[in-house]
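My questions all concern the structure below.
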Amino acid sequence: MSDEEHHFEGPGGLTGTFQQQASSIRRNGYIVIQNRPCKVVEVSASKTGNYGHGQCHFAAIDNFTAERFEDTVPSSHNCDVPHVNRTDYQLIDITEDGYVSLLTENGNTKDDLKLPTDESLLTQIKDGFNEGKDLMVSVMSAMGEQQICGIKDIGPK
């Protein structure tokens, strides 16, 4: 590996993650279940029995597919937690094949994102763009994936 190549890999082996004790993960936090970055919607803990560890049961929703996952982990063990970032970009254009062109903070364009699959968000973006509104989109990124997750109207063009 050359000096220019930098690969971040968490101690658990998954790219873009870090380790956190299961008992310290809370509702509305993030966790990796079945190699997918998820937002925790429910946490329950069972007490230590005669022969084992206390258990943490997590119910979580995938950040990008909205699929529901569940997992049970001993409370003293570590779990992978994704690094989740949100970045706002100004919407410049929507192509016919469903890609968006976004303006970054440093003045470059970002053209590798597709429109979201969420129908209400998709409708808001398309309607606002067609009306000539100046829109900012929020892009969530985790574990090498990115998706538009929100929109803000910052006024007419």
Side-chain angles (χ1 to χ4, degrees), residues 1 5-91 98-100 102-106 108 110-129 133-155:
M1 182 164 22
E5 293 181 44
H6 298 286
H7 296 286
F8 177 76
E9 203 168 276
L14 293 175
T15 302
T17 65
F18 62 96
Q19 296 276 296
Q20 187 172 345
Q21 190 170 350
S23 62
S24 66
I25 297 173
R26 302 283 180 242
R27 187 172 182 263
N28 292 327
Y30 295 98
I31 190 170
V32 175
I33 300 177
Q34 295 180 12
N35 292 331
R36 299 294 303 158
C38 301
K39 184 169 187 172
V40 178
V41 292
E42 199 176 302
V43 178
S44 59
S46 64
K47 296 190 178 188
T48 306
N50 288 340
Y51 300 105
H53 298 280
Q55 301 282 317
C56 291
H57 176 81
F58 299 102
I61 304 294
D62 188 301
N63 289 353
F64 301 109
T65 65
E67 187 178 348
R68 184 179 173 92
F69 290 98
E70 295 192 26
D71 196 11
T72 302
V73 180
S75 59
S76 61
H77 289 194
N78 286 338
C79 296
D80 285 319
V81 176
H83 289 283
V84 177
N85 296 317
R86 282 182 185 252
T87 310
D88 290 338
Y89 299 102
Q90 185 173 353
L91 179 64
Y99 282 89
V100 293
L102 306 172
L103 183 65
T104 64
E105 278 187 11
N106 59 9
N108 295 330
K110 179 174 181 56
D111 301 311
D112 59 344
L113 283 176
K114 288 195 100 161
L115 285 166
T117 54
D118 176 17
E119 284 298 321
S120 75
L121 187 56
L122 177 63
T123 303
Q124 286 179 335
I125 292 171
K126 283 186 171 181
D127 290 348
F129 183 76
K133 293 181 179 176
D134 207 1
L135 302 174
M136 294 291 283
V137 294
S138 292
V139 176
M140 178 186 295
S141 60
M143 294 175 62
E145 291 185 59
Q146 296 182 337
Q147 181 175 301
I148 296 173
C149 61
I151 182 172
K152 287 184 249 179
D153 181 359
I154 55 174

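For reference, positions follow the sequence shown, starting with 1.
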Side-chain heavy-atom pair D111, Y99 within 4.5 angstrom cut-off
no
Restricting to non-hydrogen atoms, name the atom on M136 and the atom on D88 that form the minimum distance, rounded to 0.1 Å.
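Minimum heavy-atom separation between M136 and D88: CE-CB, 3.9 Å.
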How many angstroms lie between CD in Q34 and CD in E70, if you round to the nearest 0.5 Å?
10.5 Å
State, yes or no, whether a side-chain contact exists between E67 and I61 at a heavy-atom distance under 4.5 Å.
no
Do you know which two heavy atoms are closest between C149 and L121, and how far apart they sit?
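Shortest heavy-atom separation between C149 and L121 comes out as C-CD2, 3.7 Å.
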Taking every heavy atom of A142 against every heavy atom of P37, the minimum-distance pair comes out as CB-CB, 4.0 Å
Do I125 and P116 have side chains that approach each other closer than 4.5 Å (heavy atoms only, starting at C-beta)?
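Yes; the side chains approach each other to less than 4.5 Å.
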Distance from T117 atom OG1 to F64 atom CZ, nearest 0.5 Å?
11.5 Å
Taking all non-hydrogen atoms of both residues, which atom of C38 and which atom of F69 are closest, and how far apart?
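Of all heavy-atom pairs spanning C38 and F69, the closest is SG-CD1, 3.7 Å.
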Between G128 and L135, which heavy-atom pair has the shortest distance, and what is it?
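The pair with the smallest heavy-atom distance is C-CD1, 3.8 Å.
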Out of curiosity, D118 CG to I148 CD1, how far, rounded to the nearest 0.5 Å?
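Rounded to the nearest 0.5 Å, the CG-CD1 separation comes to 11.5 Å.
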For the residue pair C79 and F58, what are the closest heavy atoms and their distance?
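Here C79 and F58 meet closest at SG-CE1, 4.5 Å.
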Is any side-chain heavy atom of L115 closer than 4.5 Å to a side-chain heavy atom of K126?
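Answer yes - side chains close enough.
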Does Q55 offer a backbone N or O that forms a donor-acceptor pair with the side chain of S46 under 3.5 Å?
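Checking the backbone N and O of Q55 against the side chain of S46, a donor-acceptor pair under 3.5 Å is found.
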Determine whether Q124 and K133 satisfy the following criterion, side-chain contact (heavy atoms from CB on, under 4.5 Å), listing intermediate values before the conclusion.
CA-CA 11 Å; Q124 286 179 335; K133 293 181 179 176; over 6 Å; no
Taking it one step at a time, do Q146 and K110 satisfy side-chain contact (heavy atoms from CB on, under 4.5 Å)?
CA-CA 12 Å; Q146 296 182 337; K110 179 174 181 56; 2.9 Å; yes
Between M143 and N63, is any pair of side-chain heavy atoms under 4.5 Å apart?
no
Show me the side-chain donor-acceptor pairs of residues 24-33 shorter than 3.5 Å, one per line, residues at least two apart or across chains.
from : atom 1 : to  : atom 2 : distance (Å)
S24  : OG     : Q20 : NE2    : 3.2
S24  : OG     : Q21 : O      : 2.8
R26  : NH1    : S23 : O      : 2.9
R27  : NE     : V41 : O      : 3.1

With the side chain counted from C-beta on, respond yes when L113 and L102 share a heavy-atom pair under 4.5 Å apart, and no when they do not.
yes
Distance from H83 atom NE2 to D80 atom CG, nearest 0.5 Å?
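That separation rounds to 10.0 Å.
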